[in-house]
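Remarks on the structure that follows.
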Amino acid sequence: METFLSIAVGVGLAAACGFRVFVPLLALNLAAISGYLVLPSGFAWMGAPYSTIAFSVATLLEILGYYIPWVDHILDTIASPAAVIAGTLTTAAVIADMPPFVKWTLALIAGGGIAGLVQGSTVALRAKSSLVTAGTANPILATAELAGSVLTSIAAIFIPVVCLVLIFIFLIWAVRRIRRFIGTRK
């Protein structure tokens, strides 16, 4: 059961990385510092006080950047691969008691995959919003994405199974939207 819960926490944090890259890393850091999550020795650096400073500054800069017109698009190009990396890293950081090959494979497929899917969805939504509203609605989207990242991070840490169910529902919704967008809906 502990392995399942750690996977649920990891996948939840990875999904939050798809909304904002650094918010879930900061949440993981704060949960580790408070003793709520115990990180394996190879990931202890993520729970160190200097990481709190680094993740806090990075989070603040990322949040502010998404409120600056056109900078948000530049951040999306950087955040897309960064979200996959952060999703993989957060998932691997919380998965316990697995052989390294299985852990990293699961982290890359589940964590990196869900982070990439969420990030891709937000990029597509932002692009559509920019076309329709000339970018004027992007601050609203930035706020919604920030809220999504914060709420998903909190849910992943405190109610991981519920978070996993919500992510599954989001995946179904996203796949349907993508299928409709590319015209292959049955």
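Taken from NZ in K103 to OG1 in T3, the straight-line distance is 10.5 Å, to the nearest 0.5 Å. Note that OG1 of T91 is 11.5 Å distant from CD1 of I109, once rounded to the nearest 0.5 Å. The line from OG1 of T90 to CD1 of I85 is 12.0 Å long, rounded to the nearest 0.5 Å.
With T152 contributing its side chain and G148 its backbone, the two residues share a donor-acceptor pair below 3.5 Å. Without hydrogens or angle criteria, T133 side chain to A137 main chain gives a donor-acceptor distance under 3.5 Å. Distance alone, capped at 3.5 Å, places no donor-acceptor pair between the S6 side chain and the I95 backbone. Side-chain atoms of E62 come within 3.5 Å of backbone N or O of V21 as a donor-acceptor pair. Under a 3.5 Å cut-off, the side chain of S51 and the backbone N or O of W45 do form a donor-acceptor pair.
The shortest non-hydrogen separation linking S80 to V123 is OG-CG2, 3.8 Å. In terms of heavy-atom proximity, A115 sits nearest to C17 at CB-CB, 4.3 Å. The two atoms that bring P160 and L5 nearest to each other are CG-CD2, 4.1 Å, heavy atoms only. The two atoms that bring S149 and P24 nearest to each other are OG-CD, 3.6 Å, heavy atoms only.
In this structure, Y50 places its OH atom where more than 12 heavy-atom neighbours from other residues, nucleotides or ligands lie under 6.0 Å away.
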Could you walk me through whether V150 and F19 pass the side-chain contact (heavy atoms from CB on, under 4.5 Å) check? CA-CA 9 Å; V150 169; F19 290 115; over 6 Å; no
Report the C-alpha separation of L28 and M46 in whole Å, then their side-chain angles, then the decisive distance to 0.1 Å, and conclude whether the side-chain contact (heavy atoms from CB on, under 4.5 Å) test is met. CA-CA 8 Å; L28 177 64; M46 293 181 82; 3.4 Å; yes
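In this structure, a donor-acceptor pair under 3.5 Å is present between the side chains of T143 and Y67. With hydrogens and angles left out, the side-chain atoms of N138 and S129 include a donor and acceptor closer than 3.5 Å. Side chains of N29 and T52: a donor-acceptor N/O pair is present below 3.5 angstrom, by distance only.
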